[in-house]
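Below you'll find the structure, written out as structure tokens, and then a few comments.
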Amino acid sequence: MTELFLPDGHLTDKALTALLDGSLSELQRLEAGEHLSCCDRCVDRYTALLTGDTLESVPRDQALPVMWKVKKRRWNDTVRRYASAAAAVFIGGMLWYSGTLAAVGETLVQPPEFFQQQITTEHTLSREILDRVNDWSARVRTAAVSGTRTRNRQNQESFIQNMEDTSK
């Protein structure tokens, strides 16, 4: 009877070749098939046996330096991100406490005299235009109401006259 599994839980090379040859019992084939359905590593090894290829794996001593470089790069990116944020906060604080930002803010809040005069001129012009529009709309409303009353009277008179003509 062939030992199917290694101590780490994967199929042995003898078990894979026996599965390929068909020399396993029914129960052993079922166990191997079930394991192959959920283990990618053993499927890769079994596929390599079927096609006659050999799979190459990365040597352990090369994987560690690569992972170390990845972690170092991630750490450097994190440090750079926080260092730039800290520098921005420091520069902002220095500008704030030195009064530079307050001076800039005052010039932005209070516009120069020329702009102040222009704003008041535009305000009076817009007020005049608004008053003219309100007067015009009031005149239109009164004309529309009086015109409606006149039309209603004319319609009533013509309706009565038509009724009298049809009754004759």
Side-chain angles (χ1 to χ4, degrees), residues 1-134 136-138 140-141 144:
M1 185 166 194
T2 306
E3 184 68 32
L4 289 180
F5 295 100
L6 295 171
D8 63 355
H10 294 291
L11 290 170
T12 63
D13 290 336
K14 289 181 182 177
L16 288 173
T17 54
L19 180 64
L20 188 63
D21 296 341
S23 61
L24 292 178
S25 69
E26 183 71 26
L27 180 63
Q28 289 176 333
R29 273 187 304 173
L30 287 173
E31 287 178 357
E34 184 178 342
H35 180 76
L36 286 173
S37 69
C38 63
C39 180
D40 293 333
R41 180 177 168 199
C42 290
V43 168
D44 290 339
R45 289 175 48 223
Y46 185 66
T47 307
L49 282 175
L50 285 174
T51 59
D53 295 337
T54 57
L55 293 177
E56 297 198 19
S57 61
V58 177
R60 192 84 163 132
D61 48 337
Q62 286 183 1
L64 290 176
V66 170
M67 291 305 296
W68 183 79
K69 287 180 182 179
V70 168
K71 288 179 183 179
K72 183 179 177 183
R73 183 175 293 163
R74 187 181 308 150
W75 172 254
N76 288 340
D77 290 343
T78 304
V79 168
R80 274 191 219 113
R81 184 178 303 128
Y82 286 115
S84 61
V89 168
F90 177 75
I91 292 171
M94 292 299 292
L95 290 174
W96 182 268
Y97 287 115
S98 68
T100 306
L101 287 180
V104 171
E106 288 175 6
T107 58
L108 292 177
V109 171
Q110 297 176 356
E113 193 64 34
F114 169 76
F115 292 121
Q116 190 66 31
Q117 290 173 354
Q118 188 176 4
I119 290 171
T120 56
T121 305
E122 289 176 359
H123 179 68
T124 56
L125 287 176
S126 63
R127 175 54 61 190
E128 289 176 15
I129 293 171
L130 186 62
D131 290 340
R132 287 184 184 177
V133 168
N134 286 337
W136 178 78
S137 64
V140 168
R141 263 190 252 120

Looking only at heavy atoms, what is the nearest atom pair of [X] and [Y], with distance?
| X | Y | answer |
| --- | --- | --- |
| L49 | L20 | O-CD2, 4.1 Å |
| C39 | H10 | SG-ND1, 3.2 Å |
| L95 | S98 | O-OG, 3.2 Å |

TODO: May I ask you to test the F90-M94 pair for a side-chain heavy-atom distance under 4.5 Å?
DONE: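 When only atoms from C-beta onward are counted, M94 and F90 do touch, with a gap below 4.5 Å.
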- [ ] Decide yes or no for L4 and L24: does some side-chain heavy atom of the first lie under 4.5 Å from some side-chain heavy atom of the second?
- [x]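 L4 vs L24: side chains touch.
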Task: Passing candidate, side-chain contact (heavy atoms from CB on, under 4.5 Å) with V70, options R74, R73, K72 - done: R74
- [ ] Kindly say whether L11 contributes a backbone atom to a donor-acceptor pair with the side chain of R45 at under 3.5 angstrom?
- [x] yes
TODO: Salt-bridge test for D44 and R41: reply yes if a basic N is under 4.0 Å from a carboxylate O, no otherwise.
DONE: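 Salt bridge between D44 and R41, a charged N being under 4.0 Å from a carboxylate O: no.
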Task: Straight-line distance of L50 CG to L19 CG, nearest 0.5 Å - done: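 Atom-to-atom, L50:CG and L19:CG are 8.5 Å apart.
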Open item on the list: Within this structure, what is the OG-CD distance for the pair S25 and E31, rounded to the nearest 0.5 Å?
Closed with: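 These two atoms lie 8.0 Å from each other.
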Open item on the list: Evaluate D77 against R80 for salt bridge (charged side-chain N to carboxylate O under 4.0 Å, His left out), listing each step before the verdict.
Closed with: CA-CA 5 Å; D77 290 343; R80 274 191 219 113; 3.0 Å; yes
